[in-house]
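These notes concern the structure reproduced below.
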Amino acid sequence: MSTTTVQAGNAEIYSPLKVLKHPDFRILATGETPAPTANIAAFYNPAHEIHLVEKPKPKPGPGQVLLHVRATGICGSDVHFWQHGRIGDSMVVTDECGSGHESAGEVVEVGEGVTQWKVGDRVAIEAGVPCSQPSCDACRTGRYNACPDVVFFSTPPFHGTLTRWHLHPAQWLHRLPDNVSFEEGSLCEPLAVALAGIERAGLRLGDPVLICGAGPIGLVSLLSARAGGAEPIVITDLFQNRLDFAKQLVPGVRTVLIKRGSTPKEQAEEIKAAAGGALKLAMECTGVESSVHTAVHSMQFGGKVFIIGVGKNEQVFPFMHLSANEIDVSFQYRYANQYPKAIRLVAGGLIDVKPLVTHRFKLEDAVSAFHVAADPAQGAIKVQIQD
Ligand SMILES: NC(=O)c1ccc[n+]([C@@H]2O[C@H](COP(=O)([O-])OP(=O)(O)OC[C@H]3O[C@@H](n4cnc5c(N)ncnc54)[C@H](O)[C@@H]3O)[C@@H](O)[C@H]2O)c1
Ligand SMILES: OC[C@H](O)C(O)[C@@H](O)CO
Ligand SMILES: [Zn+2]
Ligand SMILES: [Zn+2]
């Protein structure tokens, strides 16, 4: 009989992390050099500050694994929580909160009953840990991204994985093959977002696809659409340097620069001209209302606009055009069951996420890393923190 099942609910498993407050952690003084093994982390707070803190090194309880986090990517949502203090109405920074949810690491200690992991194993860390209780419909039916009790690291009130020593339930880790680096393992998180979208959008071989936005999510969607056999693929952005990056990543992609002041219908005409006709599917990776409209007007009859981007709480949409053209609109909320697939695609060489990393920092320099990630002039795509 397996004893690895964690009996406690998520609140019990994570309450020590969730309620970790002063004086359980200490904000480092500016210029202070932490000890090389200190459990430092980058925290944001409601005053829009970002700083290093030192927290205790946790001990794994039953069913838990202690990890040395070796690579973490900074996500746009980390920057958003820092600078704007909220995403929508439900995710609000009300206290000090640890950043980071795109991580991979190494097992350094296992708790009681953990049989599937041993010290030295290399893993991608699933960023959202659902409750896994049989009474939870979302968990029981496999759509665990809908779990109301999910602990999503770095979304308040849960501290993030951008730290040195991180505690995680054994079941929510994914083994990295030898040919997948920690850096690639951490990139499996944004890749999981794109793969969830591609799967639910029903992309098929030879589909003409539009990708709106050439940020990290648009770019992993581009890599995924290419691996899935989309042709042609058109990608848009407001910035030529982002389109140039996309073209380097996938040379066959067709790029359309979105000019501020042009209308969605005008933009759609340019997109259709680049594709040689209307497209079947749009992966919308900006969340910007005008970009959604552009996507809608670029679709053929029966097409689909699949929205991964998040944006304003209320947006209007071209109701009658959608209706008269049977264009579906769908959305994605995080992901479920995507990490194993992401790792297989990277290990098998079908998706190469390595070029996305433009900047690397040491954990001690995490605050500088955030400043680079947040400054468009730096031209960063994915900023990584490694330890
Ligand atoms: N649904 C989810 O679960 C999920 C998960 C992760 C990220 N996201 C969201 O996905 C979106 C993309 O994430 P990212 O990290 O790539 O963000 P990002 O801000 O780095 O990239 C967005 C890109 O869109 C471009 N853009 C803005 N307005 C545009 C327009 N009108 N037309 C074309 N391009 C335009 C920007 O220039 C930028 O390059 C964000 O809204 C993010 O919050 C959603
Ligand atoms: O990669 C996952 C996303 O960043 C999260 O959904 C975040 O935006 C809110 O928790
Ligand atoms: Zn993210
Ligand atoms: Zn659940």
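Counting starts at 1 for both ligands and their atoms, in listed order. What you see is a predicted model; the values in this text were computed from it and never measured. Residues take their numbers from the sequence shown, with the count starting at 1. All heavy atoms count here, side chains included; hydrogens, waters and symmetry mates do not.
- Every atom of ligand 2 is numbered from 1 in the order shown, and the set under 4.0 Å from a heavy atom of Arg334 is 5 (C), 6 (O), 9 (C), 10 (O).
- In the vicinity of Cys75, heavy-atom distances shorter than 4.0 Å reach the ligand 2 atoms 4 (O).
- Legend: residues meeting ring-ring contact (aromatic ring centres under 6.0 Å, His included) with Phe306, ordered by chain and number and at least two apart, are absent.
- Ion pairing between Lys354 and Glu183 fails under the 4.0 Å rule for side-chain N and carboxylate O.
- Here 2 is the count of protein N, O or S atoms positioned under 2.8 Å from the Zn ion (ligand 3), waters not counted.
- By the 30° and 60° cut-offs, the orientation of the rings of Phe25 relative to His159 is perpendicular.
- Within the 4.5 Å cutoff, no side-chain heavy atoms of Pro56 are placed close to those of Asn39.
- At the shortest separation from atom 8 (O) of ligand 2 among protein heavy atoms lies Ser77 CB, 3.4 Å.
- At a threshold of 4.5 Å between non-hydrogen side-chain atoms, the residues Pro216 and Ile381 count as touching.
- Side-chain N/O atoms of Gln267 and Thr236 include no donor and acceptor closer than 3.5 Å.
- Of the N and O atoms on the side chains of Ser330 and Gln332, not one donor lies less than 3.5 Å from an acceptor on the other residue.
- Near Met91, meaning under 4.0 Å from any of its heavy atoms, are these atoms of ligand 2: 9 (C), 10 (O).
- Side-chain contact check for Phe361 versus Ser368: some heavy-atom pair is nearer than 4.5 Å.
- Residues Glu96 and Lys55 are not paired through a salt bridge, judged by the lack of any N-O separation under 4.0 Å between the basic side chain and the carboxylate.
- A donor atom on one side chain and an acceptor atom on the other are found under 3.5 Å apart for Glu189 and Tyr335.
- Contacts of Phe182 classified as ring-ring contact (aromatic ring centres under 6.0 Å, His included), with partners at least two apart in sequence or in another chain: none.
- Here the Zn ion (ligand 4) has protein N, O or S atoms under 2.8 Å from it, and they come to 4.
- Contact between His101 and ligand 2 is present, with at least one heavy atom of the residue lying under 4.0 Å from the ligand.
- Inspection of the Asp244 and Gln240 side chains reveals an N or O donor paired with an N or O acceptor under 3.5 Å.
- Scanning all protein heavy atoms for the shortest distance to atom 2 (C) of ligand 2 gives Glu189 OE2, 3.4 Å.
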